[in-house]
Amino acid sequence: MIKRILTGDRPTGPLHLGHYVGSLANRVRLQDEYDTFILIADVQALTDNFEHPELLGENVMEVATDYLAVGLDPNKVKIVVQSMVPELCELTIYFMNLVTTATLERNPTLKEEIKQRNFTNGLPVGFYTYPISQASDITIFKAELVPVGEDQLPMIEQTREIVRRFNRLYKKILIEPRAMTGQVARLPGTDGGAKMSKSLRNCINLGDTPDQVRKRVMSMYTDPTRIHPTDPGHIEGNPVFTYHDAFNPNKGEVADLKERYVAGTVGDVEVKEKLFAALNAFLEPIRVRRAEFASKPERVREIVVEGTRKGRAVAQETMREVREAMKLAYPL
Ligand code: TRP
């Protein structure tokens with residue numbers, strides 16, 4: 001049987017270059033080899049957007065369009081809307097018995113996110129337990145491989161723990177998945193921050209126009225110790241060069257720019273102009289495909305409906321096995 005991929009994104013806004021290098025590139029590369037399911041994780045997104053659920057609905061089709069724009073082939077990948085697969089909720093409830101609060105408290109990504117969210121009315125249980133629901137996402141599809149950004153590794157580890165416990169306690173029916181991170185696991189924000197994040201306005205989105213990309217690139221954070229173009233510059237930790245490495249296919253040009261940057265014989269403007277050109281060349285075919293799908297929303301809707309139908313069928317089959325393994329398959 002052909003092995004499966006499951007991964008997903010929260011529909012809280014347009015997908016950006018960070019999503020691309022962390023996970024989308026691997027999905028595109030592996031779609032011929034793996035039976036691929038991609039979850040638009042609106043239920044997970046609800047855990048910190050429950051006061052504004054309407055924001056998610058708007059983004060479901062946008063994210064689906066981004067998937068198609070980067071070259072995910074609707075004849076191969078199944079795009080699944082999480083809230084349309086209620087079996088995930090059931091599995092999450094069963095999994096909750098297999099996880100202690102101490103384990104959740106140790107999850108570094110969850111900890112960091114809780115800090116960032118600054119929940120003023122206390123920590124919602126839904127947010128606190130989303131790593132458990134993410135374990136359901138992965139296991140209900142019996143996925144072997146999960147292409148994700150580096151920040152998601154603790155979620156995959158949590159999933160593996162749950163699977164081991166489940167298989168030992170009940171019956172060996174679930175698959176212990178592996179994570180796969182991108183070549184550049186974490187792309188810094190254009191402001192030099194740890195990662196791109198919509199709320200920090202340090203993103204370059206896959207659907208951005210050339211003007212928007214240019215503006216972001218030209219205002220990018222570089223080497224703060226360098227005042228004049230003749231000062232010797234630093235490459236290490238300089239996001240402009242991280243982006244060159246990730247997106248400029250002309251390795252000779254990148255090597256030359258680095259050499260001259262360190263020597264103090266090239267200005268930031270030239271380095272950024274060349275980065276803009278490289279990024280724009282990378283984004284142009286994505287833009288073209290995006291515009292094409294965006295002009296046919298009915299087609300995008302069909303693709304999502306079809307993917308969700310296929311995904312739900314897999315989920316229902318797994319839940320039959322889960323109930324049987326847990327001795328919940330009563331003859332009623
Ligand atoms: N937590 C992921 C993110 O924020 C989204 C996600 C939901 C996911 N379910 C998943 C990723 C299952 C991988 C597998 O990007």
Side-chain angles (χ1 to χ4, degrees), residues 4-27 30 34-49 56 59-60 62-64 66-67 72 77-85 87-89 91-92 95 104 107-114 116-117 126-163 174-182 185-187 194-199 203 206 307-308 311 314-315 318:
R4 290 212 181 105
I5 278 180
L6 180 286
T7 184
D9 302 280
R10 299 178 191 174
T12 52
L15 300 183
H16 52 61
L17 292 179
H19 292 110
Y20 189 86
V21 297
S23 173
L24 292 169
N26 277 333
R27 301 180 201 179
L30 295 170
Y34 284 81
D35 185 22
T36 300
F37 291 81
I38 301 181
L39 207 59
I40 302 185
D42 57 342
V43 176
Q44 184 176 116
L46 209 53
T47 61
D48 62 336
N49 289 282
L56 306 179
N59 281 307
V60 168
E62 290 302 310
V63 169
D66 279 336
Y67 289 158
L72 289 168
V77 309
K78 273 72 73 182
I79 300 175
V80 182
V81 178
Q82 191 180 29
S83 60
M84 307 280 274
V85 185
E87 288 75 16
L88 287 167
C89 304
L91 187 57
T92 300
F95 279 175
L104 290 172
N107 184 314
T109 298
L110 187 64
K111 263 203 249 185
E112 182 56 34
E113 286 175 328
I114 290 169
Q116 279 171 8
R117 299 291 188 284
F127 192 84
Y128 182 56
T129 54
Y130 94 73
I132 307 177
S133 89
Q134 190 158 332
S136 304
D137 298 343
I138 298 166
T139 52
I140 214 164
F141 291 98
K142 300 225 173 141
E144 308 238 347
L145 192 66
V146 190
V148 279
E150 193 178 55
D151 61 316
Q152 295 296 303
L153 293 178
M155 306 304 164
I156 316 304
E157 205 38 57
Q158 173 71 83
T159 305
R160 292 169 61 87
E161 257 179 65
I162 290 172
V163 168
L174 301 181
I175 292 176
E176 210 176 312
R178 276 184 306 123
M180 176 187 266
T181 52
R186 193 190 293 264
L187 194 72
K195 66 173 198 170
M196 285 195 173
S197 154
K198 189 188 42 150
S199 54
C203 301
L206 296 170
T308 301
V314 172
T318 303

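Reckoned from all heavy atoms, side chains included, excluding hydrogens, waters and symmetry mates. Each ligand, and each atom within it, is numbered from 1 in the order the structure gives.
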**Given T7, I156, N26, V146, the one that forms side-chain contact (heavy atoms from CB on, under 4.5 Å) with M180** = N26

**Prompt:** Between CG of L24 and CG of L15, what distance do you get to the nearest 0.5 Å?
**Reply:** 6.0 Å

Sub-3.5 Å pairs, protein N or O with ligand 1 N or O:
unit_1   : atom_1 : unit_2 : atom_2 : d
ligand 1 : 1 (N)  : Q44    : OE1    : 2.7
ligand 1 : 1 (N)  : Q134   : OE1    : 2.9
ligand 1 : 1 (N)  : Q152   : OE1    : 2.9
ligand 1 : 4 (O)  : R10    : NE     : 3.2
ligand 1 : 9 (N)  : D137   : OD2    : 2.8

**Request:** Test side-chain hydrogen bond (donor to acceptor under 3.5 Å, both in side chains) on D9 and Y67 and set out the steps.
**Result:** CA-CA 10 Å; D9 302 280; Y67 289 158; 2.6 Å; yes

**Request:** May I ask you to check whether over 12 heavy atoms, not counting those of M155, lie within 6.0 Å of atom CE?
**Result:**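 Counting other residues, nucleotides and ligands, CE of M155 exceeds 12 neighbours.
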
**Asked** Thinking salt bridges, do E113 and R10 make one under a 4.0 Å N-O criterion?
**Response**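 Salt bridge present between E113 and R10.
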
**Q152-Q134 side chain donor-acceptor pair, cut-off 3.5 Å** = yes

